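Structure record follows, encoded as structure tokens.
Note that the coordinates shown come from a computational prediction; the quantities given were computed from them, not determined experimentally. Below, read A as the first sequence line, B as the second, and so on, with proteins coming before strands; counting in each chain starts at 1.
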Amino acid sequence: MSRILVTSALPYINGIKHLGNLVGSQLPSDAYARFMRARGNEVMFICATDEHGTPAELAAAKAGKPVADFCEDMWQVQKDIADGFRLSFDFFGRSSSERNRDLTQHLAGKLAENGLIEEVSEKQVYSHADGRYLPDRYIEGTCPNCGSENARGDQCENCTKQLDPTDLINPRSAISGSTDLEVRETKHLYLKQSKMRDKLDKWIDSQKGWPILTTSIAKKWLHDGDGLRDRGITRDLDWGVPVQYDGAPWTGMEGKVFYVWFDAPIEYIAATAEWADANGLDDAAWESWWREDKGADDVKYVQFMGKDNVPFHTLSFPSTLMGSGEPWKLVDYIKSYNWLTYEGGKFSTSQGRGVFMNQALEIMPSDYWRWWLLSNAPESSDSDFTWASFQGGVNKDLADVLGNFVSRVTKFCRSKFGEVVPEGGAYGKAEAAVVAEIGKRLTAYQDHMEAIEIRKATAELRAIWVAGNEYLQATAPWSVYKTDPDAAAAMVRFALNLIPLYAVLSEPFIPDASAKMLVSMGAEGAAWPTDLSAALEALPAGHAFTVPDVLFAKITDDRRVELEEQFAGQG
RNA sequence: GGGCCUGUAGCUCAGUUGGUUAGAGCAGAGCGCUCAUAACGCUUUUGUCGCAGGUUCGAGUCCUGCCGGGCCUACCA
């Protein structure tokens, strides 16, 4: 048994996320966490909302709410959706928590003690009309390069040229449109990541088997140009972790907060502390997951995220933890995902294109989404969501292969023997062959899950389901029953026993259906099999069960067309 | 501009350190079964492995160039 710490990238607070965000971190991390728990490991699975930064303030303003209230409301919305998708977080925290404020300030203080924080004076654009400093991308104007009138302060989308806000001709605020802008001198703290470069480089080199996507992005940042650059970790905002606090070694930082990307990953730790608080545990409980001097030395820590998050998790966050000089647990494996596209294009919040998490739950059960998304996870490259593919995957895999298997076995038994596991006959060669086949598949399935090769794992799981149908077809108990009811009884008994096995093995992907299967078979306590033969005799003759309702209703062509139209968007 | 990823059957993808007739699922075709959500099983068609060179006894796998798709490029998160 191992102790495994799993974190999913934190969803940003400003709105409801779409399916691409779900499949890029929360869903695979959940399947992994569930699998690891099922195998008997001690798992701590953490997620939280990422609440700070300019977009949150603007979203709150748009909603006409104080930002703290807005975040509290949105946290609840996201929490409910996470529950709807059966995301089994041990704790779903908030980066605006007191725990995170304290920890962020603490780590910043340590970094300062170790000479890794530098005060830099820089020029920032201030908008009088908006009453705030504007991040580069919130300034728009005419591109000096191509003349496009909608260039942003960080880059012109038309000609892709990198820009500085001061390069723009006729700059205006993207928020209010105001041209009443002023360049002000303002001081900020920088994290001297450049001093950490060699250490980070060695650390990354020492990691085995990280996805290419993860290491190549990290290496690029480490070695591109002059190498890893220092990074500003404070902002002129109201909403965030204050830079000023008791004993802070900085003056002149009043009214500033830490940059959201500095405090967000720290929330992984803080959320674990929030978990301890919520469960009435002391600090030792969460420290045993995060402090190598307090029990975390045997923890395996796995992070899940979309590829956009990789630089922060491979470089910035490790810089923070290493630079503190304290024995914080560093990540052992970073699983990163590509993007999910929608019907060949991008998901678009502004154009209402694609499916968002709340909508998804309104139209289909979570198991359907979990299965399709995970069996098509963008692991090696971007993958495309289409309604046709979704319909095909759900109908074929879930309804036909698994659902119908359960249905045909239980209904056949009911009609010939009643709703009890039948007595008589004995397992023979055919059953041994299935045990051998499933045993081989199960090993492959487990290996793929250990390696976090989710798509491959789902393919093996599916093959395990198929083995049940093959068995029935080969042995044909409906025909054997006519001449040898005892032999047929043994076949049915074996097939019925496959159902709780399938339920247990499928739980990481389709927890609701899995639970239904166990309940209908009266096998709620079924555990992950260590001995397959024994597991397939777990339901003894005479054990009562109930024929379950249809586990997965199919998606009709009409419904699919309807959904295609409903989600086509305006764009 | 630079960097990374990617291009394998109609579709979605596997193909380990280069090694015998290139695989799976879906879709198509045929057969079988009739317990079941017209479900299941078996058999089966299709590939100049993006293009052009090169290395090698041998390349989908390595090298070079080109073409196509995607992503990143540090103040959105």
Next on the checklist: Within the supplied structure, the quantity of interest is the number of heavy atoms (other residues, nucleotides, ligands) at a distance under 6.0 Å from A:Glu119 CD; does it exceed 12?
Outcome noted: yes
Checklist entry - Would one find more than 12 heavy atoms of other residues, nucleotides or ligands at under 6.0 Å from atom NZ of A:Lys219? => result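 For A:Lys219, atom NZ is crowded (more than 12 foreign heavy atoms under 6.0 Å).
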Checklist entry - Are the aromatic ring centres of A:Trp372 and A:Phe385 under 6.0 angstrom apart? => result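 Centroid separation for A:Trp372 and A:Phe385: below 6.0 Å.
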Once you round it to whole Å, what is the distance between [atom2] of [N] and [atom1] of [X]?
X	N	atom1	atom2	value
A:Leu191	B:A74	CG	P	18 Å
A:Asp308	B:C76	CG	P	12 Å
A:Lys307	B:A77	NZ	C1'	16 Å
A:Asp400	B:G41	CG	C1'	13 Å
A:Lys123	B:C75	NZ	P	18 Å
A:Ile555	B:U37	CD1	C1'	13 Å
A:Met491	B:G41	CE	P	18 Å
A:Asn376	B:U12	CG	C1'	7 Å

For [X], answer base if it contacts any base atom (sugar-phosphate contacts may also be present), sugar-phosphate if it contacts only those atoms, and nothing otherwise; contact means non-hydrogen atoms under 4.0 Å.
X	value
A:Gly306	nothing
A:Val310	nothing
A:Pro55	sugar-phosphate
A:Ser216	sugar-phosphate
A:Trp261	base
A:Asn395	nothing
A:Val550	base

Given [N], is OP1 or OP2 found less than 4.0 Å from the side-chain N or O atoms of [X]?
X	N	value
A:Lys456	B:G15	yes
A:Tyr133	B:C75	no
A:Arg231	B:C75	yes

For the side-chain contact (heavy atoms from CB on, under 4.5 Å) test, which of [options] pairs with [X]?
X	options	result
A:Trp369	A:Leu27, A:Val355, A:Val23	A:Val355
A:Phe92	A:Leu10, A:Ile46, A:Thr49	A:Thr49
A:Leu472	A:Phe494, A:Phe412, A:Trp478	A:Trp478

Taking atom [atom1] in both [N] and [M], compute the distance separating them and give it to the nearest angstrom.
N	M	atom1	result
B:U43	B:G60	C1'	28 Å
B:G3	B:A24	P	39 Å
B:G41	B:U56	P	49 Å
B:A9	B:C5	C1'	23 Å
B:C62	B:U17	C1'	12 Å
B:G30	B:G58	P	45 Å
B:G10	B:G28	P	15 Å
B:U21	B:G65	P	31 Å

Next on the checklist: Using a strict heavy-atom distance below 4.0 Å, which residues from residues 402-413 of chain A are in contact with RNA chain B?
Outcome noted: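 Output list: A:Gly403, A:Asn404, A:Ser407, A:Arg408, A:Lys411, A:Phe412.
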Checklist entry - Any ion pair linking A:Lys554 and A:Asp400 (charged N to carboxylate O, less than 4.0 Å)? => result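 Judged by the 4.0 Å cut-off on N to carboxylate O distance, A:Asp400 and A:Lys554 do form a salt bridge.
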Next on the checklist: Between A:Glu460 and A:Lys456, does any side-chain N to carboxylate O distance fall below 4.0 Å?
Outcome noted: no
Counting heavy atoms from C-beta on, name the nucleotide in [options] closest to the side chain of [X].
X	options	value
A:Pro135	B:C76, B:A77, B:C40	B:C76
A:Trp221	B:U73, B:C75, B:A77	B:U73
A:Phe552	B:U12, B:U37, B:A77	B:U37
A:Leu551	B:A74, B:U37, B:A77	B:U37

Going by purine N1 to pyrimidine N3 plus the second Watson-Crick contact, or the G-U wobble pair, all under 3.5 Å, which nucleotide sits opposite [N]?
N	answer
B:C66	B:G50
B:G41	B:C31
B:C11	B:G25
B:U16	none

Checklist entry - Want to settle it: does A:Lys220 or A:Arg229 sit nearer the 5' end of RNA chain B, counting the closest nucleotide to each? => result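 Looking at the nearest nucleotide for each, A:Lys220 comes out on the 5' side.
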Next on the checklist: Which is more 5' along RNA chain B, the nucleotide nearest A:His52 or the one nearest A:Leu315? Just name the residue.
Outcome noted: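 Mapping each residue to its closest nucleotide by heavy atoms, the 5'-most match is A:Leu315.
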Checklist entry - Any donor-acceptor pair under 3.5 Å between the side chain of A:Glu470 and the base of B:C42? => result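 Between B:C42 and A:Glu470, which were checked side chain against base, a qualifying N/O pair under 3.5 Å is absent.
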Checklist entry - Is a donor-acceptor pair below 3.5 Å formed from side chain A:Glu379 to base B:C13, judging by atom type as modelled? => result no
Checklist entry - Just checking, A:Lys192 and A:Tyr190: is the charged tip under 6.0 Å from the six-membered ring centre and within 45° of the axis? => result no
Next on the checklist: Using a 6.0 Å distance limit plus a 45 degree cone around the ring axis, check whether A:Arg235 lies over the aromatic ring of A:Tyr259.
Outcome noted: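 Positive - A:Arg235 is close enough to the ring of A:Tyr259 and near enough to its axis.
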Next on the checklist: Regarding A:Gln391 and A:Arg560, do their side chains bring together a donor and an acceptor under 3.5 Å, going by distance alone?
Outcome noted: yes
Checklist entry - For the side chain of A:Asp367 and the backbone of A:Ala513, is there at least one donor-acceptor N/O pair under 3.5 Å apart? => result yes
Checklist entry - Along nucleotides 26-34 of chain B, 5' to 3', which nucleotides get a B, which get an S, and which get a -, given that the test is a protein heavy-atom distance under 4.0 Å? => result S-----BSS
Next on the checklist: For A:Tyr502, run the ring pair (Phe, Tyr, Trp, His ring centres under 6.0 Å) check against A:Phe405, A:Tyr445, A:Phe509 and tell me which one passes.
Outcome noted: A:Phe405
